[in-house]
J.: 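Pasting a structure below so you can have a look.
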Amino acid sequence: MRSRTLLTRSAVTMLFVSAATIGTTSPASAATCSGSACDGKNPSTYCQSDARTVQSVKLGQALLELRYSPSCRAAWGRISNASYDTRDQFTPYATVHRNSDGREYTCWVSTTGSSCYTAMVNDANVTSYAHGMWDSGVYVYEGRTASY
């Protein structure tokens, strides 16, 4: 009888430990999407863990990148080092463009920031590129990455 009680307590303890472990999984690692399910979603929530820059281009001091996640099969644009003066410069932006159907998502650098990233586009079996703009105050730089 006593050993039966110990087994029951042990089983209850295991349930509580398992439930606590499941409850502490971070939202970023729990969220997943793939291909078309990623369209319009935030890359930092879903696909940041294996993201890499596959194409990039300098826009003056700013860097425009096409980012890609192999596990999600999705791409997005990012612009960084793109601070600006709100009084006399255009707001920097990055856009990701899917070649197969023209789907695009754009982000604009906030007035207090220097970077932004777009929502994702499905990049499974198609190609995409990033394009963007940064205003130095003297010259406006515009450009695009190669497709990937």
Side-chain angles (χ1 to χ4, degrees), residues 9-148:
R9 285 183 187 155
S10 178
V12 169
T13 301
M14 287 295 286
L15 284 173
F16 282 120
V17 169
S18 296
T21 302
I22 291 169
T24 60
T25 303
S26 69
S29 65
T32 60
C33 66
S34 182
S36 61
C38 294
D39 263 349
K41 291 191 173 159
N42 182 335
S44 70
T45 302
Y46 292 89
C47 302
Q48 190 62 32
S49 64
D50 69 343
R52 62 182 193 245
T53 299
V54 292
Q55 301 289 336
S56 65
V57 64
K58 291 290 283 180
L59 303 176
Q61 76 176 24
L63 179 64
L64 176 67
E65 298 168 278
L66 179 65
R67 305 275 292 161
Y68 177 75
S69 165
S71 64
C72 291
R73 299 186 73 187
W76 61 95
R78 177 171 73 181
I79 191 168
S80 57
N81 202 25
S83 58
Y84 64 105
D85 186 337
T86 58
R87 294 171 297 182
D88 63 356
Q89 291 172 283
F90 295 111
T91 304
Y93 70 88
T95 299
V96 65
H97 175 94
R98 184 171 52 219
N99 292 317
S100 62
D101 63 359
R103 163 87 60 180
E104 291 187 334
Y105 295 104
T106 301
C107 69
W108 293 268
V109 175
S110 73
T111 57
T112 59
S114 64
S115 65
C116 70
Y117 56 87
T118 70
M120 297 183 289
V121 293
N122 168 23
D123 201 49
N125 303 318
V126 296
T127 59
S128 302
Y129 65 87
H131 62 92
M133 184 275 302
W134 177 71
D135 181 354
S136 72
V138 175
Y139 186 77
V140 175
Y141 295 89
E142 291 186 274
R144 65 166 272 182
T145 67
S147 293
Y148 180 86

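Treat the numbers as computed from the prediction; the structure is a model and nothing was measured.
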J.: Find the distance between OG (Ser69) and CD (Gln48) and round it off to the nearest 0.5 Å.
T.: 8.5 Å

J.: If the condition is salt bridge (charged side-chain N to carboxylate O under 4.0 Å, His left out), which residues does Arg52 pass it with, not counting sequence neighbours?
T.: none

J.: Show which side-chain atoms of residues 107-117 pair as donor or acceptor with protein atoms under 3.5 Å away, not counting sequence neighbours.
T.:
residue : atom : partner : partner atom : Å
Ser110  : OG   : Gly113  : N            : 3.1
Tyr117  : OH   : Asn42   : OD1          : 3.4
Tyr117  : OH   : Ser44   : OG           : 3.0

J.: How close do Gln61 and Asn81 get, heavy atom to heavy atom, and via which atoms?
T.: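 Looking at all heavy atoms of both residues, the closest pair is O-ND2, 3.0 Å.
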
J.: What is the minimum heavy-atom distance between Pro92 and Ile79, and which atoms define it?
T.: CB-CD1, 4.3 Å

J.: Mind jotting down which residue pairs meet the ring pair (Phe, Tyr, Trp, His ring centres under 6.0 Å) criterion with at least one end in residues 49-77? Sequence neighbours excluded, please.
T.: Tyr68-Tyr148

J.: Table please: side-chain donor-acceptor pairs of residues 33-41 below 3.5 Å, with sequence neighbours left out.
T.:
residue : atom : partner : partner atom : Å
Asp39   : OD1  : Arg98   : NH1          : 2.9
Asp39   : OD1  : Asn122  : N            : 2.7
Asp39   : OD2  : Arg98   : NH1          : 3.2
Asp39   : OD2  : Arg98   : NH2          : 3.4
Lys41   : NZ   : Ala37   : O            : 3.0

J.: List for me each residue that meets salt bridge (charged side-chain N to carboxylate O under 4.0 Å, His left out) alongside Arg78, sequence neighbours excluded, and say none if there are none.
T.: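 In terms of salt bridge (charged side-chain N to carboxylate O under 4.0 Å, His left out), with neighbours along the sequence ignored, Arg78 is linked to Glu65.
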
J.: Considering residues at least two apart in sequence or located in another chain, which fulfil the salt bridge (charged side-chain N to carboxylate O under 4.0 Å, His left out) criterion with Asp50?
T.: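 With sequence neighbours excluded, Asp50 shows a salt bridge (charged side-chain N to carboxylate O under 4.0 Å, His left out) to no residue whatsoever.
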
J.: Would a distance-only check, ignoring hydrogens and angles, find a side-chain to backbone donor-acceptor pair under 3.5 Å from Thr118 to Thr95?
T.: no

J.: Would you call Arg67 and Met120 a side-chain contact if the rule is heavy atoms closer than 4.5 Å?
T.: no

J.: Let me see the working for Tyr129 and Gln55 under side-chain contact (heavy atoms from CB on, under 4.5 Å), right down to the final yes or no.
T.: CA-CA 8 Å; Tyr129 65 87; Gln55 301 289 336; over 6 Å; no

J.: Between Gly132 and Leu64, what is the shortest heavy-atom contact and its length?
T.: N-CD2, 3.5 Å

J.: Salt bridge (charged side-chain N to carboxylate O under 4.0 Å, His left out): which pairs involve residues 133-148, sequence neighbours left out?
T.: none

J.: Quick check on side-chain contact (heavy atoms from CB on, under 4.5 Å): which of Leu66, Asn99, Val54 does Ser147 satisfy it with?
T.: Asn99

J.: Tyr105: which residues meet the ring-ring contact (aromatic ring centres under 6.0 Å, His included) condition with it, sequence neighbours left out?
T.: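 With neighbours one apart ignored, the set is empty.
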
J.: Just to verify, what does Ser128 make a side-chain hydrogen bond (donor to acceptor under 3.5 Å, both in side chains) with, not counting sequence neighbours?
T.: Asp123

J.: Not counting sequence neighbours, which residues clear side-chain hydrogen bond (donor to acceptor under 3.5 Å, both in side chains) with Glu104? List them please.
T.: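 Once residues adjacent in sequence are excluded, the partners of Glu104 under the side-chain hydrogen bond (donor to acceptor under 3.5 Å, both in side chains) criterion are His97, His131.
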
J.: Just by modelled atom types, is the Ser83 backbone N or O under 3.5 Å from a matching donor or acceptor in the Trp134 side chain?
T.: yes

J.: Would you mind listing every salt bridge (charged side-chain N to carboxylate O under 4.0 Å, His left out) that reaches into residues 80-89, with sequence neighbours excluded?
T.: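 Found Asp85-Arg87.
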
J.: Quick one: closest heavy-atom pair of Met133 and Leu59, and the distance?
T.: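 Nearest heavy atoms, Met133 then Leu59: N-CD1, 3.9 Å.
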
